[in-house]
Amino acid sequence: MAATVVSNKRVILKRYVTGLVSEDDMEVVTVEAPPLAVPAGSKTVVVKNLYISCDPYMRNRMTYHEEPSYVPDFVLGEVLVNFGVMKVISSGHQDFNAGDLVWGITGWEEYTVIDNPETLFKINHPELPLSYYTGILGMPGLTAYGGFFEVAKPKKGEYVFISSAFGAVGQIVGQLAKITGCYVVGSAGSDEKVNLLKTKFGFDDAFNYKKELDLEATLKRCFPDGIDIYFENVGGAMLDAVLPNMRVAGRIAACGMISQYNLEQPEGVYNTICIVTKRLRMQGFLVFDFYDKYYQIEEQIARYLKEGKVAYTEDVVEGLDAAPAALVKLFTSSSIGKQLVAVARE
């Protein structure tokens, strides 16, 4: 009797991107799914994707680089990949069983064969929304916690500024900073987001950068005594405005620079002498730097969620057909919270 053919909807890269990413750079296609049973002797895992994450760093992978970047470019005509929440369908790996809920790197498709399942993390708190494992309990949460505590090293009473503060990482950093006892200000791209930063996430102050003609003066108004920690998500003009406002021995945790991802020619930063005169430390980091600490961080953030000490906002679209538009929303300031796609709700 012939095996049943299962279809697999997926999002592929249609063309390499220059300038602002558009929906037309991607294409939703339907192909035959991989075999859903792992072959004998294989250590791979087959998963059904439940939620997939939209993250700004994906834009960098959509451009062809002659010099390799820190993550490989996407391949034309091949499925996009990123972090997601999955249910194991079949497994040849001793650490995973059918039915397990996991998160990690997967395809923007319905079913994916994971060749390196050792990179997956088991979900230990399924009583919380599974979608949170694309966000506060997944990569953004790990990035926020590791970047703030391991790189910025905050102290109670310090002054903290977070750019793109309503993003998937920024909203978490701000709340962790408040728990630590810091004074926290964030920037965002709409009045609605500014209001939510102050009312939902407990920021001491926030501003709409699109309405500020002089960012350096705005930061001076918000931080008359200067900034101890800048959690950098934007780069460009925002970074340039921050540098003169930093306090002596301040720290800049460089998480991302979303203002630069769609530019063919990156913006310059001119106030770099402040790094010398103010004895600043600016350090970049990647989420992979904190993988070994994930499970203890998961427990801490899960406890904060259950105790009501942190809140989280998601912007969820339904189905892979909506995925290209959801990714584009990241770069137009139109997403409200962590942007993700529900592929299959279980």
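Values reported hereafter were calculated over all heavy atoms of this structure, with side chains retained and with hydrogens, waters and symmetry mates removed.
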Checklist entry - So Asp24 and Lys14, salt bridge (Lys or Arg N to Asp or Glu O under 4.0 Å) or not? Walk me through it. => result CA-CA 8 Å; Asp24 291 338; Lys14 187 176 177 181; 5.7 Å; no

Item to check | Candidate pair Ile252 and Gln283, rule side-chain contact (heavy atoms from CB on, under 4.5 Å), full reasoning | outcome: CA-CA 6 Å; Ile252 300 174; Gln283 181 180 337; over 6 Å; no

Item to check | From CA spacing to verdict: side-chain hydrogen bond (donor to acceptor under 3.5 Å, both in side chains), Ser190, Asn208 | outcome: CA-CA 6 Å; Ser190 74; Asn208 181 349; 6.0 Å; no

Checklist entry - How far apart are the C-alpha atoms of Ile162 and Val185, what are their side-chain angles, what is the distance that settles it, and do they pass the side-chain contact (heavy atoms from CB on, under 4.5 Å) test? => result CA-CA 6 Å; Ile162 304 159; Val185 178; over 6 Å; no

Item to check | Test log, rule side-chain hydrogen bond (donor to acceptor under 3.5 Å, both in side chains), inputs Thr106 and Asn49 | outcome: CA-CA 8 Å; Thr106 188; Asn49 295 308; 2.8 Å; yes

Next on the checklist: Assess the residue pair Lys338 and Thr313 against the criterion (side-chain contact (heavy atoms from CB on, under 4.5 Å)); give the C-alpha distance rounded to whole Å, side-chain angles, the decisive distance to 0.1 Å, and a yes or no.
Outcome noted: CA-CA 6 Å; Lys338 167 61 191 167; Thr313 298; over 6 Å; no

Checklist entry - Does the pair Glu127 and Lys306 meet the rule for a side-chain contact (heavy atoms from CB on, under 4.5 Å), with working shown? => result CA-CA 10 Å; Glu127 71 278 8; Lys306 292 176 180 180; 2.5 Å; yes

Checklist entry - Can you check side-chain hydrogen bond (donor to acceptor under 3.5 Å, both in side chains) on Tyr183 and Asp205, steps first, answer last? => result CA-CA 9 Å; Tyr183 181 84; Asp205 202 357; 4.7 Å; no

Item to check | Stepwise side-chain hydrogen bond (donor to acceptor under 3.5 Å, both in side chains) check, Arg251 with Tyr230 | outcome: CA-CA 6 Å; Arg251 288 90 73 203; Tyr230 173 39; over 6 Å; no

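Shown here are the side chain to side chain contact (heavy atoms under 4.5 Å, CB included) partners of Ile273, two or more places apart in sequence or in another chain: Val276, Thr277. For Ala325, the side chain to side chain contact (heavy atoms under 4.5 Å, CB included) partners at least two apart in sequence or on another chain are Glu23.
Side-chain atoms of Val160 and Ile227, non-hydrogen and from C-beta on, never get closer than 4.5 Å to each other. Taking the side chain as every heavy atom from C-beta outward, Val173 and Leu176 never approach each other to under 4.5 Å. Looking at Ile301 and Leu137, their side chains come closer than 4.5 Å, going by heavy atoms from C-beta outward. Looking at heavy atoms from C-beta onward, Met86 lies out of side-chain contact with Leu50 at the 4.5 angstrom threshold.
In the hydrophobic cluster analysis, where Ile, Leu, Val, Met, Phe, Trp and Tyr join through side-chain heavy atoms closer than 4.5 angstrom, Phe231 is grouped together with Leu280. The hydrophobic clustering, which links ILVMFWY residues whose side-chain heavy atoms are closer than 4.5 Å, places Tyr111 and Leu120 apart. No chain of hydrophobic side-chain contacts below 4.5 Å, direct or via other Ile, Leu, Val, Met, Phe, Trp or Tyr residues, connects Trp108 to Val75. With hydrophobic clusters built from ILVMFWY side chains whose heavy atoms lie under 4.5 angstrom apart, Phe203 does not share a cluster with Val194. Follow the hydrophobic side-chain contacts under 4.5 Å out from Met257 and you reach Met139 in the same cluster.
Applying the 6.0 Å contact sphere to OH of Tyr270 captures no more than 12 heavy atoms from other residues, nucleotides or ligands. Counting heavy-atom neighbours within 6.0 Å of Lys87 NZ, excluding the residue itself, gives a total of 12 or less. Environment of NZ in Lys43: sparse, with no more than 12 heavy atoms of neighbouring residues, nucleotides or ligands closer than 6.0 Å.
Here the CD1 atom belonging to Ile12 is positioned 12.5 Å from the CZ atom belonging to Phe74, to the nearest 0.5 angstrom. Atom CD of Glu314 sits about 13.5 Å away from atom CD1 of Ile336, to the nearest 0.5 Å. Here the CD atom belonging to Glu299 is positioned 13.0 Å from the OH atom belonging to Tyr304, to the nearest 0.5 angstrom. One distance of note links CG of Leu20 with CG of Asn262; it measures 4.5 Å at 0.5 Å rounding. In this structure, the separation between CG on Asn271 and CE on Met246 is 12.5 Å, given to the nearest 0.5 Å. In this structure, CG in Asp55 is found 9.0 Å from CG in Leu327, a value given to the nearest 0.5 Å.
Formation of a donor-acceptor pair under 3.5 Å by the Asp228 side chain with backbone atoms of Gly250 is not found in this model. Under the 3.5 Å distance criterion, the side-chain polar atoms of Thr63 are matched with a main-chain donor or acceptor of Val17. In this structure, Asp315 contributes its side chain and Gly337 its backbone to no donor-acceptor pair below 3.5 Å. Without hydrogens or angle criteria, Lys293 side chain to Phe290 main chain gives no donor-acceptor distance under 3.5 Å. Looking only at distances, no side-chain donor or acceptor of Thr180 sits under 3.5 Å from a matching main-chain atom of Cys182. A distance-only check finds a donor-acceptor pair linking the side chain of Asp289 to the backbone of Leu286 [under 3.5 Å]. Between the side chain of Ser90 and the backbone N or O of Val38, at least one donor-acceptor pair lies under 3.5 Å. With Asn245 contributing its side chain and Glu216 its backbone, the two residues share a donor-acceptor pair below 3.5 Å. Ser42 contributes a side-chain N or O that, together with a main-chain N or O of Thr44, makes up a donor-acceptor pair within less than 3.5 Å. Without hydrogens or angle criteria, Glu32 side chain to Ser7 main chain gives no donor-acceptor distance under 3.5 Å.
Classified by interplanar angle (parallel below 30°, tilted 30° to 60°, perpendicular above 60°), the ring pair Phe331/Tyr261 is perpendicular. Between Phe149 and Tyr145, the ring-plane angle classifies as tilted under the 30° and 60° cut-offs.
One finds a salt bridge joining Asp191 and Lys211 here, because a Lys/Arg side-chain nitrogen approaches an Asp/Glu carboxylate oxygen to under 4.0 Å. Ion pairing between Glu158 and Arg247 fails under the 4.0 Å rule for side-chain N and carboxylate O. Between Arg15 and Asp25 a salt bridge is recorded (basic side-chain N to carboxylate O distance below 4.0 Å). Ionic pairing of Arg221 and Asp214 is not present here: no N-O contact between side-chain nitrogen and carboxylate oxygen is shorter than 4.0 angstrom. The existence of a salt bridge linking Glu109 and Arg10 is confirmed by a sub-4.0 Å separation between a basic side-chain nitrogen and an acidic carboxylate oxygen.
Side chains of Thr30 and Asn8: a donor-acceptor N/O pair is absent below 3.5 angstrom, by distance only.
In this structure, the ring of Tyr132 has its center less than 6.0 angstrom from the ring center of Tyr312. Ring-centre distance between Tyr294 and Tyr291: not below the 6.0 Å cut-off. Here the two rings, on Tyr295 and Phe121, have centers that are under 6.0 Å apart.
Partner of Ile136 under the side chain to side chain contact (heavy atoms under 4.5 Å, CB included) criterion, out of Val169, Leu142, Ile172: Ile172 alone.
Between Gly147 and Ala253, the shortest heavy-atom distance links the atoms O-CB, 4.0 Å.
Annotation: cation-pi geometry satisfied between Lys122 and Phe96 (NZ/CZ under 6.0 angstrom from ring centroid, within 45° of ring axis).
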